[in-house]
Amino acid sequence: MEHDRLVRTMEAILGPEGVISEREQLRSYECDGLMNYRVIPELVVLPETAEHVQQIVKLCYDEGIPFVARGSGTGLSGGALPVESGVLIVLSRMRKILEVDIPNQRVVVEPGVLNMWVTNEVAEHGYYYAPDPASQLISSIGGNLAENSGGVHCLKYGFTTNHVMGAEIVLPDGTMVNVGGGKAPDAPGYELLGAFVGSEGTLGIATKITLRIVRKPESVRTLLAAFKDTEEAGGAVSGIIGAGIVPAAIEMMDSLCIEAVETAVHPGFPQAGAILIVELDGPKAEVESQFEQTVRICEENNASEIRIAEDDTERALFWKGRKASFAAMGRISNDYYVQDSVVPRTELGKVLKRISEIGEEHGMRVANVFHAGDGNLHPLVLYDNNVPGEAERAEDVAGEIVLTCLEHGGSLTGEHGIGVDKKKYMPKMFATEDLDTFQLLRCAFDPHQICNPGKVLPTPRLCGERPGPFRMHPVQKAGLAENF
Amino acid sequence: MDTRTKNVSLEDLQRIVGAEHAREATPEDAVDGVEPAFVAEPGSVEETSELLRLASGEGLTVAPRGGGTKMALGNPPRELDLILSTTRMNEVIEYVPGDQVVRVQAGLRLQELQDLLAGSDQMLGVDPPEEGATIGGVVAANSTGPRRYRYGTIRDLIIGIKIVLSDGTVAKAGGKVVKNVAGYDLSKLFTGSLGTLGVIAECNFRLHPKPETGRTVAVELSSPAAANGAAQAILHSQLVPSAVELHWREDVRLLTVLIEGIEPSVEAQVETASHLLGGFGEVRELTEEEAGTLGPLAPPGAADEVAIKISTPPAELAGVLSSVLGTTERGGVTAQTTAHAGNGVAYVGLSGGEEEARVQIVEELREIWTRRGGSVVVREAPVTFKERVEVWGPLGSRLELSRRVKEKFDPRGTLNPGRFVGGI
Ligand SMILES: Cc1cc2nc3c(=O)[nH]c(=O)nc-3n(C[C@H](O)[C@H](O)[C@H](O)COP(=O)(O)OP(=O)(O)OC[C@H]3O[C@@H](n4cnc5c(N)ncnc54)[C@H](O)[C@@H]3O)c2cc1C
């Protein structure tokens with residue numbers, strides 16, 4: 001469809017204020033939180049209702065125009081990167097909390113609602129929304145759902161996928177379906193909701209989302225423990241988990257990260273090779289007893305100092321230091337590259353050692369801050385963009401780190417997603433058959449491949465192909481690819 | 001002997017799995033009265049793949065089978081030629097207690113896995129009542145038990161899967177780390193897919209520490225309203241029970257709360273729970289023996305002629321009970337209800353009375369609860385009943401998309417044709 005006609009048709013649906021087509025204005029949407037990829041879309045549209053979304057998508061389907069959904073644009077893998085000559089559907093005007101149902105412990109929201117608003121809305125009833133990405137003040141529930149976002153408290157309470165109970169979705173052909181039971185559990189049929197969550201905007205657009213909320217725990221205790229190095233801190237982590245304790249959160253920072261945070265937000269952290277922040281919550285008697293045990297385990301692992309948060313203010317200070325760690329890197333380095341990968345917890349020690357070797361081999365500094373309980377690492381590769389070649393070297397280091405994680409039985413990403421950033425690594429984690437099988441799901445939802453094309457899967461394929469009666473799967477015939 | 005079904009002979013199957021692992025079917029292998037021709041037990045993923053490639057190539061229809069405990073679930077098969085039994089694939093592939101993750105083959109029995117994990121004071125947080133269920137069966141049928149209140153259902157615990165599609169493709173998704181967002185979450189798609197998308201060959205799960213001790217508090221109920229009141233009181237408290245169960249039949253009307261954990265915490269929570277429940281009837285603690293037969297872990301009335309599952313928003317408990325009591329009384333049918341009261345899931349066994357009356361009851365309940373955002377699924381029933389009442393109920397807007405998913409994964413309709421929603 002020719003540009004002017006497209007603009008006019010969209011304006012007829014959304015009104016002139018719902019359509020952005022000026023190049024200068026389009027620029028503010030050219031990237032998400034991953035700023036090294038930029039594409040200016042043909043058009044940005046700002047729907048206000050699910051019907052708007054449906055009409056926009058239907059138009060795109062009929063005209064064969066690719067589209068990309070965008071929530072708050074904080075994604076770190078380029079998931080909301082626009083496609084050229086495509087439409088960017090920005091959901092930030094769909095921000096109503098539609099229903100709060102305390103008896104059933106559910107909240108129904110529009111996709112643009114910010115994560116933190118849900119907790120704010122139900123706090124007076126003693127409830128909260130458990131998934132807590134560090135971006136929770138700015139990221140949207142729709143984006144959280146699409147990325148299956150996690151946070152520091154997800155070790156105990158689960159990720160976004162464990163808290164989304166239902167969604168209204170506009171499919172890439174413009175039809176609207178409800179997946180998941182919503183307020184009732186166990187809707188009969190395929191678990192389409194589970195497949196949709198974490199699909200990075202490639203299977204359709206969520207226009208209404210039903211969330212589960214969780215009762216605030218009776219008791220919360222938090223400690224901060226300092227260790228000689230990450231190995232001893234790691235020993236404490238294994239000790240705590242091995243004792244059958246499920247902490248609400250267990251986070252580790254290494255010395256470089258501590259230094260940066262100290263310079264940036266002055267939380268007064270001890271000078272140490274590594275610190276752990278451990279939080280326990282739940283029934284009082286359980287927390288009290290297990291907290292004592294946790295302190296003992298830290299001592300047994302040679303903690304040089306243990307601080308216990310006496311109240312919410314002190315607890316907030318511990319967390320302020322932790323949550324500021326990405327931003328704080330700016331204080332000790334011009335630029336940094338955030339990696340997000342996962343290893344089995346028991347491999348942490350070996351992998352951390354290898355990461356520091358990789359850094360040394362390339363002459364780069366790598367700071368580590370991570371969710372120690374579930375082995376989700378966030379190595380921060382520090383570099384200076386003004387030094388020619390450093391940005392590329394940083395990317396190489398980040399790439400080597402992620403491959404190391406795979407070698408140790410881990411994953412390419414624990415929470416930031418594949419997007420455009422990591423799709424080239426997908427064949428390292430998945431065999432061709434696996435990727436082809438992912439493609440089957442995508443084709444069931446999006447046969448014309450107009451929904452966030454070019455993301456997640458490394459090589460786009462057509463959907464029409466179907467194995468005939470006697471044909472071997474092409475991949476098998478070629479005898480390709482090992483499963484691991 | 002040369003019996004051929006659609007051009008496939010027993011020998012063809014035996015060539016793949018070995019002579020002793022393929023046989024002709026017997027009447028015991030029938031599914032809802034439909035008798036297959038063969039039963040084959042592959043010993044590996046490769047054999048499974050070869051079998052499926054042969055079957056789909058020759059147009060044989062296949063029903064995957066694990067422990068066989070849930071073969072009554074679903075509409076009667078449209079066709080059935082081959083039962084593919086997973087029970088020889090029963091190994092634990094990898095278990096690192098420090099990672100609290102396990103990788104197993106699908107034919108392993110859940111109980112065997114739990115016994116192994118208990119050696120490291122760990123467990124898989126599901127407790128479906130069926131004895132002899134395999135891991136693959138639990139995943140495919142999405143079987144749940146009382147502890148779902150605390151640990152969620154198998155979809156919340158599965159972190160990786162290996163599947164064999166009907167064309168023989170072996171594919172995997174997820175991995176062996178708890179936190180992982182690389183690729184689509186096919187583990188969840190396959191959960192509850194009842195063998196219609198592919199054969200589940202391996203599963204990876206996250207594990208939980210096994211609670212040190214547990215106690216069960218129960219309250220005697222006088223009315224459906226009291227049941228709902230008691231359940232709500234527990235739900236909105238700061239207790240962390242493992243299960244909140246309702247038992248309602250002629251001689252028993254109890255809401256039970258299972259509290260597990262470390263001793264001091266269980267002690268304190270039992271006290272709080274007793275206090276909270278006290279407002280709704282007489283409270284007592286169940287002995288372990290009583291809890292075993294009555295309490296949260298008692299299986300839903302197994303011998304009943306028709307077993308249904310009603311899913312609703314959890315706060316509708318009183319309404320669910322009243323609707324069951326009302327319709328069954330009018331129909332002259334006896335109802336036994338066991339509910340995961342904290343989750344909004346009720347299992348109702350219907351016995352006695354005429355089949356016509358039972359049909360009426362299920363249709364009436366389905367009409368009421370579908371309208372109110374829930375569902376009514378027939379879990380077990382004689383074929384005569386299933387011929388009159390569709391097992392799954394209406395699927396609404398999801399049906400078309402579900403068909404498209406099936407079409408992509410199993411385009412020739414090889415796997416379990418007709419058994420699933422909308423005749424998939
Ligand atoms: C400082 C900072 C800290 C962060 N911390 C964390 C963290 O702790 N944990 C974590 O998991 N992530 C974290 N992130 C990443 C990011 O915040 C999350 O991925 C978040 O969920 C993205 O939400 P968004 O609204 O910004 O989505 P966007 O970036 O706008 O979009 C993300 C993806 O979702 C799709 N999408 C958006 N809305 C919809 C919809 N309604 N329907 C379908 N698809 C949709 C988009 O197409 C895109 O693929 C952080 C990011 C920053 C900048």
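Below, chain A is the first sequence line, B the second, and so on; all start at residue 1.
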Donor-acceptor pair, side chain of [X] and main chain of [Y], under 3.5 angstrom:
X        : Y        : answer
B:Arg398 : A:Pro188 : yes
A:Arg215 : B:Leu235 : no
B:Lys408 : A:Cys463 : yes
B:Gln238 : A:Lys216 : yes

Tell me which of these, [options], has more heavy-atom pairs under 4.5 Å with chain A than the rest.
options                                : answer
B:Trp392, B:Phe190, B:Phe420           : B:Phe420
B:Arg403, B:Glu400, B:Gln100           : B:Gln100
B:Pro209, B:Ala182, B:Pro97            : B:Ala182
B:Ser237, B:Ser187, B:Ala268           : B:Ser237
B:Leu186, B:Val345, B:Thr144, B:Thr191 : B:Leu186

Which bit of [X] is near chain A, if near means a heavy-atom gap under 4.5 Å: side chain, backbone, both or neither?
X        : value
B:Asp156 : both
B:Val96  : side chain
B:Ser120 : neither
B:Ile163 : side chain
B:Glu212 : neither
B:Leu399 : neither
B:Val101 : neither

With the side chain counted from C-beta on, respond yes when [X] and [Y] share a heavy-atom pair under 4.5 Å apart, and no when they do not.
X        : Y        : result
B:His236 : A:Gln105 : yes
A:Asp436 : B:Thr169 : no
B:Leu401 : A:Ile169 : no
A:Asp186 : B:Val377 : no
A:Thr175 : B:Ser397 : no
B:Arg148 : A:Pro185 : yes
B:Tyr184 : A:Leu203 : yes
A:Val197 : B:Asp185 : no

For chain B, the option from [options] that forms the most heavy-atom pairs under 4.5 Å:
options                                : value
A:Val456, A:Ile418, A:Leu441           : A:Leu441
A:Leu412, A:Asn104, A:Ile102, A:Val177 : A:Asn104
A:Asp340, A:Leu155, A:Asn376, A:Asn148 : A:Asn376
A:Gly244, A:Gly189, A:Ala285           : A:Gly189
A:Ala195, A:Ser219, A:Gly414           : A:Gly414

Where on [X] is there a heavy atom nearer than 4.5 Å to chain B: the side chain, the backbone, both, or neither?
X        : answer
A:Phe159 : side chain
A:Asp281 : neither
A:Pro217 : backbone
A:Leu171 : side chain
A:Thr161 : both
A:Glu288 : neither
A:His371 : side chain
A:Met165 : neither
A:Ser238 : neither
A:Phe196 : neither
A:Val287 : neither
A:Val246 : side chain

Counting only heavy atoms not in B:Glu271 (residues, nucleotides, ligands), do more than 12 fall under 6.0 Å from its CD?
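No, because the 6.0 Å sphere around CD of B:Glu271 holds 12 heavy atoms or fewer from other groups.
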Would you say NZ of B:Lys210 has more than 12 non-hydrogen atoms from neighbouring residues, nucleotides or ligands within 6.0 angstrom?
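No - once you tally the heavy atoms of other residues, nucleotides and ligands closer than 6.0 Å, there are 12 at most.
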For the atom pair [atom1] ([X]) and [atom2] ([Y]), what is the distance rounded to the nearest 0.5 Å?
X        : Y        : atom1 : atom2 : answer
A:Glu218 : B:Thr272 : CD    : OG1   : 6.5 Å
A:Leu440 : B:Glu407 : CG    : CD    : 11.0 Å
A:Asp173 : B:Arg404 : CG    : CZ    : 5.0 Å
B:Lys162 : A:Asp434 : NZ    : CG    : 9.0 Å
B:Thr312 : A:Lys183 : OG1   : NZ    : 11.5 Å
A:Glu191 : B:Leu197 : CD    : CG    : 12.0 Å

Exercise: identify the closest heavy-atom pair between [X] and [Y]:
X        : Y        : value
B:Asn180 : A:Ser411 : OD1-OG, 2.6 Å
A:Phe438 : B:Ala173 : CE2-CB, 3.8 Å
B:Ala171 : A:Thr437 : CB-OG1, 3.2 Å
A:Pro344 : B:Asp99  : CB-OD2, 3.4 Å
A:Tyr190 : B:Ile424 : OH-CG2, 3.4 Å
A:Gly417 : B:Val181 : N-CG2, 3.6 Å

N-O pairing of B:Arg206 and A:Asp374 below 4.0 Å
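Result for this pair is no, no salt bridge flagged.
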